[in-house]
Protein chains: 2
Amino acid sequence: MEMPKYMTLVTWIKKKIESGELKYGEKVYSENELSAMFHISRQTVRQAINILAQDKYLESRQGSGTYVVFNTTVKREPTKTIGVVTTYVRAYIFPQIIRGIEDVLTKNGYSMQLAFTHNKIQNESRVLRSMLEKGMDGMIIEPTQSGLPNPNFKIYEEIQRQRIPVIFINSGYPGMKIPHVSLNDRAAGLLATEYLIRAGHKRIAGIFKSDDHQGHLRYAGYLDALLKAGYEIHDENVFWYSTQDVPDFSKFEQIILRRIEGCTGLLCYNDEVGMRIVEIMKRNGIAIPEDLSLISIDNSDLAALCEVPLTSVAHPMNVLGETAAQNLLRLIQDHTFKATVDFEPKIVERKSVRVLE
Amino acid sequence: MEMPKYMTLVTWIKKKIESGELKYGEKVYSENELSAMFHISRQTVRQAINILAQDKYLESRQGSGTYVVFNTTVKREPTKTIGVVTTYVRAYIFPQIIRGIEDVLTKNGYSMQLAFTHNKIQNESRVLRSMLEKGMDGMIIEPTQSGLPNPNFKIYEEIQRQRIPVIFINSGYPGMKIPHVSLNDRAAGLLATEYLIRAGHKRIAGIFKSDDHQGHLRYAGYLDALLKAGYEIHDENVFWYSTQDVPDFSKFEQIILRRIEGCTGLLCYNDEVGMRIVEIMKRNGIAIPEDLSLISIDNSDLAALCEVPLTSVAHPMNVLGETAAQNLLRLIQDHTFKATVDFEPKIVERKSVRVLE
DNA sequence: CCTAAAAAAATGTACGTACAACTTTGCCGA
DNA sequence: TCGGCAAAGTTGTACGTACATTTTTTTAGG
């Protein structure tokens with residue numbers, strides 16, 4: 001038999017629900033009705049309903065009937081607009097990511113609504129609410145303070161309730177079941193640290209950002225590498241900073257110098273930090289890469305333009321943007337599409353790492 | 001009918017599996033055998049097996065048979081020993097927590113194997129491995145660096161695979177399905193901040209720990225309170241530190257002073273930080289509570305002994321320890337027991353908060 | 001018009017049969 | 001000894017019936 005009878009009934013009902021013909025809470029035909037309609041026995045109908053109940057499409061109530069529990073969308077008018085929320089816009093790797101997104105969207109007849117949060121949750125709240133109000137066909141979001149519990153959880157719940165397709169870029173909130181398109185940050189941290197290890201470095205410090213999940217992952221990769229190489233982990237060689245520390249970064253100069261004491265290698269969370277470190281080291285007479293080998297992540301313009309060109313792990317940037325946009329458009333067509341992508345990292349070698357003899 | 005026939009079969013098989021009589025991968029009786037054994041029809045047997053398949057106890061393979069897929073334990077000899085792992089032992093609130101645990105364990109004929117990690121993941125790795133080797137009947141663990149991805153994930157997986165009952169105290173790793181007994185840290189942050197708000201403070205700064213999940217939750221509660229009161233959130237008034245910053249805390253003096261500029265209230269992650277802040281403020285001629293109202297969390301000895309006695313949110317301490325131990329012992333008896341407890345916070349008023357007119 | 005009982009309707013449990021699809025086992029012949 | 005094949009065993013699909021339990025609707029009585 002090609003397809004079992006109960007299976008044809010399963011797909012028939014599923015389609016009715018997903019197309020919106022049967023809405024949330026509505027009663028579906030009774031078992032006897034379906035049995036008559038499809039000329040199959042009631043037992044077979046029950047088998048089909050059982051499967052749909054397992055998949056959370058239906059729910060039976062004895063004596064009453066069988067009801068749809070699948071939360072279908074209220075059909076909105078397509079706006080052909082995609083909301084794009086990032087932390088920053090004009091600097092660092094963001095212009096290229098956004099350009100990648102825009103290319104794909106315009107090519108497909110969508111327009112883009114761009115907003116940024118400066119990594120502040122109150123801005124994220126405002127921006128998301130406004131986009132919900134305007135009605136987007138889909139959203140590409142770089143999470144704000146993804147390393148901390150998100151107080152905008154309710155807004156995200158509302159977005160999911162309304163079944164607006166969303167893709168996170170660069171990161172994601174652990175716990176939320178939203179697909180992401182990112183650099184594999186853990187692998188990036190691992191790769192960068194292993195690069196230093198292969199260059200003969202034994203004591204390697206790290207500087208990471210604590211309020212972004214990316215920071216946690218890159219740190220995890222850093223640990224993975226140290227453990228894999230059989231090295232001890234020295235917490236005293238790790239420095240954590242947060243978004244609000246960035247304007248004060250120079251104030252941490254003494255602390256950072258203390259943290260890297262005795263280290264020949266240093267992994268920086270990103271190129272921006274890497275560049276700051278280069279400045280700090282210069283001021284303090286520590287030569288890079290002669291005295292300290294430095295590797296960073298993202299491979300932004302900064303890495304190339306830095307006084308000491310930085311060896312850095314490549315971020316896919318525009319490719320990431322394009323992929324996110326493409327996958328979002330597919331997700332709009334097909335809600336079941338698995339949109340998550342992790343880009344594997346690659347090292348771009350420049351002049352900030354010295355090979356130890 | 002009291003209990004349906006298929007249900008008696010479900011419980012019968014479940015028991016056989018959970019007791020270890022039927023092990024992972026083993027074939028269970030065929031549908032016809034069960035039908036004969038229990039004098040019920042094959043359809044009814046199938047109904048029971050279906051339920052167990054849904055619950056991931058069994059898996060049927062057509063033409064072959066039905067197999068156990070529930071990962072059962074190899075029965076170990078009870079050691080009557082409970083492993084207790086905390087970050088610190090002799091200081092702060094830890095002696096009281098541990099005393100609470102010990103009281104309950106000894107009263108029930110268990111001995112305690114105590115170890116501490118200093119909040120370093122490599123110590124946690126060593127300690128957990130050693131305990132796994134020795135064989136514990138159960139474990140009470142305060143997670144190490146719970147605010148960061150845990151590189152000891154594999155060890156925790158192994159513990160769960162061996163079905164050793166575990167309860168986390170004070171926190172937990174988000175994502176792991178392990179029960180915890182904790183202060184409701186989010187509520188604690190909320191309560192403390194609301195206390196300052198009720199005292200008339202409008203601009204409230206916060207100092208939190210970034211590598212502990214507790215820090216994230218207390219911060220989330222702090223945000224909850226500000227949002228609830230309709231206040232703006234000012235990231236520049238939040239300071240994050242990590243475990244390795246503690247010895248250097250005085251180095252952050254200038255940065256912290258900058259962060260609390262313009263604030264009349266300050267929420268401190270714990271009493272230890274609170275006390276440090278009191279010292280710093282004294283050195284800089286800022287009077288507490290006249291110029292700055294300070295509230296902290298944990299209500300340890302430090303809060304009472306501090307130069308300026310600190311208003312603080314009470315941590316259950318020995319009650320928490322007792323509860324964790326009691327629930328662990330119940331969990332050893334009954335693997336399905338829901339052991340998670342969140343203690344609701346209470347304010348202990350002292351002299352560090354001033355009511356604004 | 002309201003209430004309470006009765007009837008109807010819906011799902012839940014349980015039995016039975018038959019055959020299909022697939023896997024394992026064991027036998028037989030090369 | 002091994003491959004192939006048939007037989008036996010096991011789960012999957014499908015039908016039918018009967019009655020239980022629960023909810024909803026209808027009806028009858030006041």
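Note that these values count all heavy atoms, side chains included, but never hydrogens, waters or copies made by symmetry. So that the names make sense, note that chain A is the first sequence line, chain B the second, and so on, each numbered from 1.
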Quiz item: Rounding to a whole Å, what distance do you find between Gln62(A):CD and dC19(D):P?
Solution: 17 Å
Quiz item: With distance as the sole test, does Thr66(A) use its side chain to make a donor-acceptor pair with the main-chain N or O of Ser60(A) at under 3.5 Å?
Solution: no
Practice problem: May I ask you to say what Arg46(A) touches in the nucleic acid, namely base, sugar-phosphate or nothing, with a heavy-atom cut-off under 4.0 Å? | Solution: base
Self-check item: Phosphate-side-chain proximity, Ser64(B) and dT24(C), N/O vs OP1/OP2 below 4.0 Å
Solution: yes
Quiz item: What is the distance from NZ of Lys5(B) to C1' of dT13(C), rounded to the nearest Å?
Solution: 10 Å
Quiz item: Glu31(B) side chain: which of dT11(D), dT11(C), dA14(D) is closest?
Solution: dT11(D)
Quiz item: Given atom CE of Met7(B) and atom P of dA14(C), what is their separation to the nearest angstrom?
Solution: 11 Å
Exercise. Starting from P on dT13(D), measure out to CZ on Phe38(A) and report it in whole angstrom.
Key: 18 Å
Quiz item: Is it true that Tyr6(B) and Phe38(B) have ring centroids separated by less than 6.0 Å?
Solution: no
Quiz prompt | Side-chain N or O of Lys27(A) closer than 4.0 Å to phosphate OP1/OP2 of dT24(D) | solution = no
Practice problem: Can you sort out the partners of Lys16(A) under salt bridge (charged side-chain N to carboxylate O under 4.0 Å, His left out), two or more places apart, ordered by chain and number? | Solution: Glu21(A)
Exercise. Please work out if Arg42(B) contacts a base, only the sugar-phosphate, or nothing of the nucleic acid, heavy-atom cut-off 4.0 Å.
Key: base
Quiz prompt | Distance test, side-chain N/O of Thr66(A) to OP1/OP2 of dT11(C), below 4.0 Å | solution = yes
Self-check item: Test item: His180(A) and Asp342(A) side chains (from C-beta on) under 4.5 Å apart, heavy atoms
Solution: yes
Quiz item: What orientation do His216(A) and His216(B) show, parallel under 30°, tilted 30 to 60°, or perpendicular over 60°?
Solution: parallel
Self-check item: Spacing between His39(B) atom NE2 and dC15(C) atom C1', to the nearest angstrom
Solution: 15 Å
Quiz item: Within less than 4.0 Å of OP1 or OP2 of dC15(D), is there a side-chain N or O belonging to Thr44(A)?
Solution: yes
Quiz item: With a 4.0 Å cut-off on heavy atoms, is Ile40(A) in touch with a base, just the backbone sugar-phosphate, or nothing at all?
Solution: sugar-phosphate
Quiz item: Is there a donor and acceptor pair, one atom on the side chain of Glu59(A) and one on the base of dT11(C), closer than 3.5 Å?
Solution: no
Practice problem: Starting at atom CD of Gln47(B), determine the distance to atom P of dT11(C), rounded to an integer number of angstrom. | Solution: 16 Å
Practice problem: Give a yes/no on whether any side-chain N or O of Tyr6(B) is located under 4.0 angstrom from OP1 or OP2 of dA14(C). | Solution: no
Quiz item: To the nearest Å, how far apart are Ile49(B) CD1 and dT13(D) P?
Solution: 14 Å
Self-check item: Atom-pair distance (CG on Asn50(B); C1' on dT13(D)), nearest Å
Solution: 13 Å
Self-check item: Given DNA chain D, 5'-ward residue of the pair Tyr29(B) and Gly63(A), judged by closest heavy atom
Solution: Tyr29(B)
Exercise. Choose from dC15(C), dT11(C), dT11(D) the nucleotide whose nearest atom is closest to any side-chain atom of Gln43(B).
Key: dC15(C)
